[in-house]
Amino acid sequence: MSTPHTSSTFDCRSCAACCHARPGTILVSSEDLVRWRREGREDILNGLMEGHFSESAFAMRPDDVCIHLGTPASSKDCSIYDTRGYSCHALQPGSRQCLEARRERSTSDTARVGPPGLGKSEPAT
Ligand code: SF4
Ligand code: SF4
């Protein structure tokens, strides 16, 4: 999920396709870590896992969804939106990676209720 974008086409806060990913791939930066320490966000710091490239990453739920996805109001909104990580900002709505994530998420949703043979793929972050 990227920067605030509320166009009718790419409303991240009701999409969240790129919050579904392989474990260890939604990376956080050293600047994120410093900011969360400064903000006293032990909850976020304690919710990290070892990511790819020896970096830290958001931990994932068993269904390969970021542990921070979901608020009392919406299952597709980010619960730490105001202080989410750099990779969440970096993925631009409407970009190739965004479109791939949305397409693959759509395919995955279809697979749950549709015919066999359509499997879950791995959306970009
Ligand atoms: S897939 Fe695109 S529109 Fe959806 S949350 Fe990510 S950046 Fe936003
Ligand atoms: S921190 Fe928020 S925006 Fe980033 S992947 Fe997790 S739920 Fe999505």
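In this text the structure is predicted, and so the values were computed from the model without any measurement. In listed order, ligands and their atoms are each counted from 1. Counting begins at 1 with the first residue of the sequence.
Which parts of ligand 1 touch Arg102 is read off a 4.0 Å heavy-atom cut-off, strictly below it: atoms 1 (S), 3 (S). The ligand atoms of ligand 2 that sit less than 4.0 angstrom from a heavy atom of Ile26 are 5 (S). Under a 4.0 Å criterion applied to the non-hydrogen atoms of Leu69, ligand 2 contributes the atoms 7 (S). Annotation for ligand 2: atoms under 4.0 Å from non-hydrogen atoms of Phe58 are 1 (S). Per-residue contacts place Leu91 under 4.0 angstrom from the following atoms of ligand 1 (heavy atoms of the residue considered): 7 (S). Ligand-side atoms of ligand 2 in range of His68: 7 (S), range being under 4.0 angstrom from any heavy atom.
Residue Cys19 holds the heavy atom nearest to atom 8 (Fe) of ligand 2 of all those in Gly47, Cys78, Ala57, Cys19. Evaluated by nearest non-hydrogen atom to atom 4 (Fe) of ligand 1, the leading choice among Cys15, Ser14, Ser95 is Cys15.
At a threshold of 4.0 Å, the pair Arg61-Asp63 counts as salt-bridged, since one of the basic side-chain nitrogens sits closer than that to a carboxylate oxygen. Using a 4.0 Å cut-off between a side-chain N of Lys or Arg and a carboxylate O of Asp or Glu, Glu31 and Arg35 do not qualify as a salt bridge.
Side chain to side chain, Ser56 and Glu50 fail the donor-acceptor criterion of an N or O pair below 3.5 Å.
Taken together through direct or relayed side-chain contacts under 4.5 Å among Ile, Leu, Val, Met, Phe, Trp and Tyr, Leu33 and Ile67 form parts of separate hydrophobic clusters.
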Worksheet item: When you look at Phe10 and Leu99, which way does the side chain to side chain contact (heavy atoms under 4.5 Å, CB included) test go after all the steps?
Response: CA-CA 10 Å; Phe10 297 107; Leu99 296 177; 3.8 Å; yes

Item to complete: Take Thr25 and Phe53 through the side chain to side chain contact (heavy atoms under 4.5 Å, CB included) test and state the conclusion after the steps.
Response: CA-CA 9 Å; Thr25 61; Phe53 315 117; over 6 Å; no

